[in-house]
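Each remark here refers to the structure printed beneath this line.
Note that ligands are numbered from 1 as they come in the structure, with each ligand's atoms numbered from 1 the same way.
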Amino acid sequence: MGAGGSTSSYEEAEHTDFVFLWGSNAREAHPIWFHHLLKGIQNGATLYVVDPRRTTSAQWADVWLGLNVGSDIALANAMAREIIHAGLAHERFIERATENFDAYRTAVEPYTLEFAEAATGVPAAVIQDAARRYATADRAMICWTLGITEHHNAVDNVFALVNLALLTGHVGRYGCGCNPLRGQNNVQGGGDMGALPNKLPGFQDVTNPEHRAKYEKAWGRDIIPHDGWNLTEMMDAMGRGELTALYVIGENPAQSDADATHVAHLLETLDHLVVQEIFLTKTAQLADVVLPAAATWAEGEGTVTNSERRVQRVRKAVEPPAGAADEIWIMAELAKRLGYDWGHPTAEDAWNELRSLAPGLQGMSYARLEALGGIQWPCPDENHPGTKFLHARLWDEDPAKRGKLAKFSVVHHEGPVEQPDEAYPFVLTTGRRLESYNTGVQSGGYASPLHRGETVDMSPEDAARLGVAAGERVRVTSRRGSIEAPVYVDPGLRAGVVFMTLHFPDQVATNLLTINASDPLSGTAEFKACAVRVEPVRPVPSMRAYRAEPLAAAGDD
Ligand SMILES: Nc1nc2c(c(=O)[nH]1)N[C@H]1C(S)=C(S)[C@@H](COP(=O)(O)OP(=O)(O)OC[C@H]3O[C@@H](n4cnc5c(=O)[nH]c(N)nc54)[C@H](O)[C@@H]3O)O[C@H]1N2
Ligand SMILES: Nc1nc2c(c(=O)[nH]1)N[C@H]1C(S)=C(S)[C@@H](COP(=O)(O)OP(=O)(O)OC[C@H]3O[C@@H](n4cnc5c(=O)[nH]c(N)nc54)[C@H](O)[C@@H]3O)O[C@H]1N2
Ligand SMILES: [Mo]
């Protein structure tokens with residue numbers, strides 16, 4: 001439908017009738033947004049959670065759809081078929097605002113409730129009910145995160161959900177929408193700034209000559225006219241020896257990338273690795289040069305953009321430690337050594353340059369951001385209040401104003417690349433817990449009773465079948481690696497599914513297990529599904545325990 005971003009605002013989660021929380025554990029990973037949703041529930045909204053695990057988010061739901069890992073397209077397509085057959089599709093919206101509906105209708109026809117029940121493990125009646133509830137709600141939104149996007153067919157997964165919104169006209173109206181909740185605090189801002197391989201700042205296409213021309217004029221330089229590499233492609237290029245130098249800013253790929261053994265090997269093949277960091281991470285330890293940075297969110301000035309597209313100011317609150325420098329200063333010094341004099345730009349200078357070039361950000365001066373407490377893009381001029389929700393144009397009576405049609409995408413169920421088999425009978429899915437953050441660099445160092453360290457979470461049935469009790473150590477093995485950790489018995493897990501986090505890689509490197517299959521379009525790895533085997537690690541009784549005599553008496557041999 002256009003630029004990458006959530007269509008709705010947080011406020012709307014408080015004033016909606018129905019929410020699909022799909023592949024998202026928002027209570028733990030997006031607690032601020034979840035608090036808005038809780039207000040919505042208090043105001044009468046219905047919550048349906050779609051997740052292989054009965055998460056702490058699902059505990060707040062009216063209905064939990066506990067599907068098989070990687071079966072979301074089968075579920076969504078079956079709901080679409082049900083909505084169409086029940087006459088609940090929004091015909092006027094489909095006709096006026098969308099294209100490709102006929103192909104879509106034909107494509108979802110084989111997805112009967114019975115087929116979907118077999119593919120997803122969700123009872124047919126529950127799928128039918130969910131479809132009808134969503135379609136008949138006056139205002140309804142779908143919110144998703146990594147349960148949808150960290151698969152080898154991530155983009156298809158997203159299309160499957162967007163199709164449902166188009167089918168029911170649940171987009172472009174207050175309280176409706178398609179919402180990919182953003183990951184790290186400024187992921188949205190990073191994308192808006194052009195930190196993407198195929199985009200210039202402001203979501204302008206690198207391959208579009210008109211878009212390029214504007215930036216070439218402002219920067220006085222030619223821009224390479226084709227897309228760059230995403231992270232996965234960079235790794236592949238390292239493997240081929242085509243990428244020999246890497247500059248990493250604020251990322252810890254040695255521990256966060258799938259198939260960590262392979263990644264560590266690739267990073268070692270580099271001629272030159274530069275890491276700009278606030279901590280000496282595992283990745284930084286591999287670097288030829290480490291550039292110590294001031295933490296932007298507390299030690300420097302700038303903006304962050306959250307999941308509702310709201311640009312907000314962050315201000316310097318504390319002095320950085322001695323030796324750490326403002327990142328914009330580091331960039332300018334690097335530029336100088338490469339022969340360009342940028343002077344001494346501030347964060348505000350960089351922001352103003354962006355505003356002058358990127359559509360939709362022009363109206364967001366620092367003064368206005370301060371005065372209004374943040375502004376949601378698009379905000380085209382200094383009198384514009386910002387935009388609460390996107391795509392209202394799709395409802396315009398005037399076809400000219402409706403503009404580009406929203407397209408139904410034909411997508412089909414595939415399931416994960418690695419299916420469980422005799423040798424690797426479990427599906428491992430990985431994710432987050434409230435009390436920790438990503439690779440633990442920023443959250444590992446504090447003591448808290450909440451920290452239980454890494455565990456292998458499994459269902460009570462599976463634990464019983466393997467004969468392991470809570471706390472007992474097990475070995476988890478995939479085709480790529482093997483780790484050991486204690487079992488945590490989680491009644492919210494279904495048999496056959498094992499869950500681990502990415503939070504404690506120094507003790508238990510979960511990413512030794514994960515598969516580096518990735519989506520061809522987004523480059524996102526399939527962190528959410530690989531096949532593993534789980535075995536108890538019984539302690540070998542130590543001889544020492546049986547000795548009657550103290551060891552010292554055993555002689556000097
Ligand atoms: N406390 C905390 N908050 C965080 C982070 C953190 O590390 N800690 N990290 C931040 C970042 S970078 C991100 S990207 C977000 C991520 O936020 P989330 O995406 O909510 O986090 P995850 O736990 O990785 O995955 C979400 C859910 O996907 C489910 N899932 C797995 N496979 C499937 C599937 O095939 N289908 C469906 N429908 N669901 C599936 C998992 O069971 C899990 O509950 O969180 C952000 N917020
Ligand atoms: N198995 C498994 N693996 C996963 C995932 C999963 O669900 N399962 N999720 C994936 C996802 S969604 C993500 S986002 C990645 C996260 O992967 P990473 O981004 O590699 O992990 P973080 O631990 O968040 O690392 C961020 C780094 O930025 C540094 N940093 C923080 N602030 C600043 C700053 O202001 N300036 C600079 N220069 N550095 C700073 C921190 O010190 C930290 O080392 O992990 C991915 N890996
Ligand atoms: Mo993320």
Side-chain angles (χ1 to χ4, degrees), residues 20-34 49-58 65-73 75-76 120 143-151 157 161 180-187 231 248-260 275-284 291-300 302 307 314 320 324 327 330 415-416 427-444 457 492-493 497 499-503 505 509-514 524-530:
F20 261 137
L21 188 60
W22 203 312
S24 164
N25 189 9
R27 197 201 73 91
E28 300 193 43
H30 294 91
I32 295 184
W33 181 82
F34 199 74
V49 169
V50 185
D51 198 299
R53 303 184 301 142
R54 186 165 186 270
T55 56
T56 57
S57 307
L65 287 81
L67 82 176
N68 295 332
V69 172
S71 67
D72 299 86
I73 293 176
L75 185 66
T120 64
C143 306
W144 69 85
T145 50
L146 304 181
I148 284 301
T149 56
E150 286 186 340
H151 287 281
N157 275 343
L161 303 191
L181 306 175
R182 291 307 200 164
Q184 310 205 15
N185 54 359
N186 196 29
V187 160
L231 180 58
V248 176
I249 307 178
E251 185 156 311
N252 184 19
Q255 297 189 309
S256 58
D257 265 22
D259 195 357
V275 174
Q276 185 166 313
E277 254 295 345
I278 61 172
F279 288 105
L280 195 64
T281 59
K282 264 271 155 44
T283 309
L291 298 170
T296 310
W297 69 274
E299 297 164 352
S307 281
V314 287
E327 305 207 61
I330 297 177
V427 176
L428 169 69
T429 189
T430 62
R432 289 159 174 77
R433 282 193 231 137
L434 176 68
E435 68 279 8
S436 297
Y437 193 77
N438 288 355
T439 64
V441 175
Q442 295 170 94
S443 61
D457 300 3
L493 272 176
V497 180
F499 179 82
M500 294 178 65
T501 76
L502 69 156
H503 297 317
T510 305
N511 278 329
L512 291 177
L513 304 171
T514 47
T524 308
E526 188 151 78
F527 288 116
K528 293 295 181 261
C530 72

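For ligand 1, the atoms closer than 4.0 angstrom to any heavy atom of G70 are 34 (C), 35 (O).
Within the structure, the closest approach of H503 to ligand 1 falls below 4.0 Å when heavy atoms are considered. For R433, the heavy-atom gap to ligand 1 drops under 4.0 angstrom. Ligand 2 lies less than 4.0 angstrom from a heavy atom belonging to A295.
Scanning the protein heavy atoms around atom 37 (C) of ligand 2, the nearest turns out to be E327 OE2, 3.4 Å. If you check which protein heavy atom lies closest to atom 42 (O) of ligand 2, you get E277 OE1, 2.7 Å. From the protein, the heavy atom lying nearest to atom 24 (O) of ligand 2 is N438 ND2, 3.0 Å. At the top of the distance list for atom 9 (N) of ligand 1, counting protein heavy atoms only, stands R432 NE, 2.8 Å. The protein heavy-atom contact nearest to atom 1 (N) of ligand 2 is N511 OD1, 2.7 Å. Residue, atom and distance of the protein heavy atom nearest to atom 23 (O) of ligand 2 are T439 OG1, 2.5 Å. Atom 19 (O) of ligand 2 has Q184 NE2, 3.1 Å as its closest protein atom, hydrogens excluded (heavy atom only). Residue, atom and distance of the protein heavy atom nearest to atom 26 (C) of ligand 2 are G250 O, 3.6 Å. Looking at atom 15 (C) of ligand 2, its nearest protein heavy atom turns out to be S256 CB, 4.0 Å.
On a distance-only criterion, Y437 and ligand 1 share no N/O pair closer than 3.5 Å. At under 3.5 Å, not a single nitrogen or oxygen of V69, backbone or side chain, sits near a nitrogen or oxygen of ligand 1.
Contacts between D257 and ligand 2, counted as non-hydrogen atom pairs separated by less than 4.0 Å, are absent for every part of the residue. When heavy-atom distances to ligand 2 are checked against a 4.0 Å cut-off, Q442 comes that close only through its side chain, counted from C-beta outward. Under 4.0 angstrom from ligand 2, the non-hydrogen atoms of T281 all belong to its side chain. Only the side chain of L502 comes within 4.0 Å of ligand 2, counting heavy atoms alone; its backbone N, CA, C and O stay farther away. Contacts with ligand 2 closer than 4.0 Å are made by side-chain heavy atoms of K528 only, the backbone lying farther away.
Residue T429 holds the heavy atom nearest to atom 31 (C) of ligand 1 of all those in T429, L21, T55, T120. With distances taken over non-hydrogen atoms, the option nearest atom 3 (N) of ligand 1 out of A29, G492, P52 is A29.
None of N252, V441, D257, T439 except one satisfies the side-chain contact (heavy atoms from CB on, under 4.5 Å) rule with T283; the exception is N252.
Distance alone, capped at 3.5 Å, is enough to place a donor-acceptor pair between the H503 side chain and the R433 backbone.
Applying the side chain to side chain donor-acceptor pair (under 3.5 Å) rule to E526 yields the partners H152; only residues at least two apart in sequence or on another chain are considered.
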